[in-house]
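In what follows, a single structure is set out as structure tokens and then discussed.
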Amino acid sequence: MSATAALCASVLLAPTAQADFLGIYAGAGYFSGDASGILGRDAIDLEQELGFKDSEGGYQAYVAFEHPIPLIPNIKVATLSYDNGGRGELSRDVSFGGVTIPKGSITDTSLDYRHNDITLYYELWDTGFDLDLGLTARQFDVTSEIRYNEGIQDWVAGTVDETLDEWVPLVYGAARVDLPLTGLYVAAEVQGIGYSDSSFLDYQAKLGWTLGLVALDLGVEAGYRSITIDVDEDDVGDLTSNVDISGWFINGVVHF
């Protein structure tokens, strides 16, 4: 048998050997979370003043490529999209987006959150459990918009917004333990950084199950995820906030 034929046979017939060449791990699914915290320099409360009450859904996805080549990092790309909103009535004057919104105004607020990740990481340990460490470049695309009236009949007297549209570096760490002979695994992941008066934190914990087939593994994973954006517009972007988006998720997963 030629070397090429042997390589093809090993990829098709022995999935456990794929980590010796190239492993592809991918997942995509649904995220449902609550938004809480404050917006703006006047610390406008999302729940108490702007009427954020309900959990809202979004989507998330990732794909990671792992290889055995020394010194060259593995790569993972990921995305998440989430929207929430609420209606409220202000009991005080507040400043947001450079505009003073007067007491008594009826507000209709939206929070649109997106991020895209590019992560380079090394697998520090893969015997008994996996331990990864690396760096993430995260592109934030976050817009918070407040539409308001001032007690007049026309609904919109004004619209103001603050945005965060920036690339931010994050430290990345992940761990996974596979439970022998069950197809089950538990995993956790954290990304974060802090500097000056701003910090970013994204962590998740999950339980998954995969079914090993001839050329790939298929499965499902579910868990909890929390994203905190504590940012001052003097440091980065045009958004001042301390917002937490937290909730559960479920993904379909595949491993080649």
Side-chain angles (χ1 to χ4, degrees), residues 27-62 77-90 94-99 101 105-119 136-149 155-170 191-193 198-204 224-251:
Y30 180 76
F31 171 77
S32 176
D34 296 316
S36 61
I38 58 175
L39 290 175
R41 293 192 179 277
D42 283 346
I44 313 166
D45 191 278
L46 289 179
E47 296 170 296
Q48 300 300 319
E49 296 184 278
L50 298 178
F52 282 58
K53 295 180 180 180
D54 299 326
S55 295
E56 296 292 344
Y59 66 84
Q60 60 181 17
Y62 66 87
V77 294
T79 188
L80 184 142
S81 177
Y82 170 85
D83 300 327
N84 205 333
R87 296 186 68 177
E89 182 176 352
L90 295 178
V94 299
S95 178
F96 186 76
V99 174
I101 306 174
S105 293
I106 306 299
T107 61
D108 185 0
T109 306
S110 63
L111 175 65
D112 299 331
Y113 177 93
R114 312 279 186 277
H115 76 233
N116 298 297
D117 289 352
I118 301 174
T119 300
T136 295
R138 172 166 292 182
Q139 180 196 28
F140 284 99
D141 181 6
V142 185
T143 299
S144 181
E145 180 182 89
I146 301 178
R147 295 184 296 163
Y148 64 95
N149 74 9
W155 165 235
V156 178
T159 300
V160 291
D161 64 66
E162 293 187 358
T163 62
L164 175 64
D165 185 7
E166 303 285 345
W167 285 90
V168 176
L170 306 173
Q191 295 162 284
I193 198 170
S198 298
S199 62
F200 303 88
L201 179 64
D202 181 356
Y203 68 87
Q204 58 182 286
Y224 179 83
R225 185 171 191 173
S226 179
I227 301 169
T228 300
I229 311 169
D230 184 0
V231 61
D232 190 316
E233 63 186 75
D234 289 339
D235 296 331
V236 59
D238 298 311
L239 172 69
T240 296
S241 72
N242 187 353
V243 171
D244 178 80
I245 301 170
S246 299
W248 61 270
F249 66 86
I250 185 168
N251 294 328

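Remember, predicted model here, so these are calculated numbers, not experimental data. Hydrogens, waters and symmetry mates are skipped; everything else that's a heavy atom, side chains included, is used.
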I need the minimum non-hydrogen distance between [X] and [Y], along with the two atoms involved.
X	Y	result
A78	Y62	CB-CB, 3.9 Å
G57	Y30	CA-OH, 3.4 Å
I227	H115	CD1-CE1, 4.3 Å
S198	D235	OG-OD2, 2.8 Å
W167	N116	CZ3-O, 4.4 Å

As an exercise, state the distance from [atom1] of [X] to [atom2] of [Y], rounded to the nearest 0.5 Å.
X	Y	atom1	atom2	value
T79	I118	OG1	CD1	11.0 Å
Y82	S32	OH	OG	7.5 Å
N84	L46	CG	CG	8.5 Å
L239	D165	CG	CG	11.5 Å
I245	L80	CD1	CG	8.0 Å
L39	E49	CG	CD	10.0 Å

- Ignoring hydrogens and angles, state whether a donor on the side chain of T240 or E233 is under 3.5 Å from an acceptor on the partner side chain.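 Their side chains do contain a donor-acceptor pair, which is all the 3.5 Å distance test asks for.
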- Evaluate side-chain contact (heavy atoms from CB on, under 4.5 Å) for T107 paired with F96, printing each intermediate quantity in order. CA-CA 12 Å; T107 61; F96 186 76; over 6 Å; no
- Are R114 and D83 ion-paired here, with the side-chain N under 4.0 Å from a carboxylate O?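 Yes, this pair counts.
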